[in-house]
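Each ligand, and each atom within it, is numbered from 1 in the order the structure gives. Below, all heavy atoms of this structure are taken into account, side chains as well, without hydrogens, waters or symmetry copies.
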Amino acid sequence: MSLPIVKLTKGIHVMHLFYRIDRVGWTELSNDESGQTLAKLEKLCAANAAASHPRITTYANVGNKADLVVMLTAAELGTVAQMHRDFEACFPPGTLESAFSYLSITELPDYITSEEEMAQSLIQEKLEPGTEIFEKRLKEMRDRHAQYEHYRLYPEMPDWELMGFYPMSKRRSGSDNWYSLDFATRKKLMAGHARVGRKYAGRISQLITGSVGLDDWEWGVTLMAHQTDSLKEIVYEMRFDEVTARFGEFGPFYVNLRLSLPQLWDHLHLR
Ligand code: 76R
């Protein structure tokens with residue numbers, strides 16, 4: 001059976017899936033069914049283990065919002081849809097229950113640095129357009145920017161111990177309607193946001209995926225971290241930044257531990 005091919009002009013599809021194990025269903029399994037499920041899942045994950053996509057990354061939720069969590073990435077919508085169903089089909093009927101899911105896509109931010117701004121910043125450094133050094137520096141900036149855009153669209157997320165996920169939107173009410181601000185104002189506000197974010201380099205690696213018209217919130221925020229306090233601190237510090245203070249609206253927060261499938265099996269007592 002082949003699914004319709006649904007491509008993006010740029011970027012990839014991302015799906016976050018949250019499941020509960022039905023413990024009653026699980027205890028009713030025959031001896032080898034748990035092992036068979038694990039083996040099927042390991043095969044599926046091994047077949048989808050590219051640095052960017054297609055990829056399936058597994059986590060355990062910490063707390064009672066879910067048991068296991070998966071993040072899927074694929075270029076085409078049909079591929080992500082198939083990976084989702086193939087993942088579920090590894091489990092015996094009556095053992096897996098959906099807790100939450102989120103569909104989004106990677107995208108370039110609206111507020112990217114233009115070629116004009118790059119040149120302007122060099123002129124401010126007293127470099128003269130047309131000189132060798134000016135052109136060399138401009139080329140370096142252009143190359144760095146092209147690389148940045150590539151990884152925004154085709155992210156290769158670090159495999160750190162923690163993954164925090166939450167959906168969010170920008171407020172649209174009265175004088176705090178993000179979408180009625182002009183572009184220059186939004187760009188200036190987002191520059192402040194990015195300044196706060198960059199302070200967390202090395203502690204937080206962020207993936208912002210867009211979901212306007214695709215899911216119930218406007219963005220999915222995926223934060224990789226080594227420590228719990230890094231997650232808390234960045235979200236706390238952002239609350240004071242104007243973009244978040246005036247315009248941020250948040251969905252549920254999920255804190256997840258990165259675990260391989262065998263580790264998940266032990267952690268969740270599935271053996
Ligand atoms: O892509 C970039 O790094 C450029 C600057 C940038 C943009 C355009 C950036 C930087 N973000 C951008 C867009 Mn962000 N971000 C969040 C959250 O808790 C909250 O208040 C919000 C959740 C965090 C923690 C975070 C972290 N960011 C966005 C958007 C889209 C907005 C739009 O298009 O209108 C959202 C919803 C959003 C939310 N942001 C950074 C970070 C961090 C850590 C950085 C710096 C990354 C770096 O420089 O490497």
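Atom 2 (C) of ligand 1 has as its closest protein heavy atom Tyr148 OH, 3.1 Å.
Annotation for Tyr236: atom OH does not count as buried by contact number, only 12 or fewer foreign heavy atoms lying within 6.0 Å. More than 12 non-hydrogen atoms from other residues, nucleotides or ligands lie less than 6.0 angstrom from CG of Asp32. Residue-environment remark: CZ (Arg172) stays at or below the threshold of 12 foreign heavy atoms within 6.0 Å. Surrounding CD of Glu132 are at most 12 heavy atoms belonging to other residues, nucleotides or ligands under 6.0 Å away.
Among the atoms of Arg198, none of the N or O lies under 3.5 angstrom from an N or O of ligand 1. At least one N or O atom of Tyr166 sits closer than 3.5 Å to an N or O atom of ligand 1. Between Lys170 and ligand 1, at least one N/O pair is under 3.5 Å apart.
Heavy-atom separations between Arg152 and ligand 1 include at least one value shorter than 4.0 Å. Within the structure, the closest approach of Tyr200 to ligand 1 does not fall below 4.0 Å when heavy atoms are considered. Contact analysis leaves Asp110 out of contact with ligand 1, as no non-hydrogen atom separation drops below 4.0 angstrom.
Scanning for side-chain hydrogen bond (donor to acceptor under 3.5 Å, both in side chains) contacts around His226 gives Glu161, with sequence neighbours left out.
Excluding waters, the set of protein N/O/S atoms under 2.8 Å from atom 14 (Mn) of ligand 1 reads His193 NE2.
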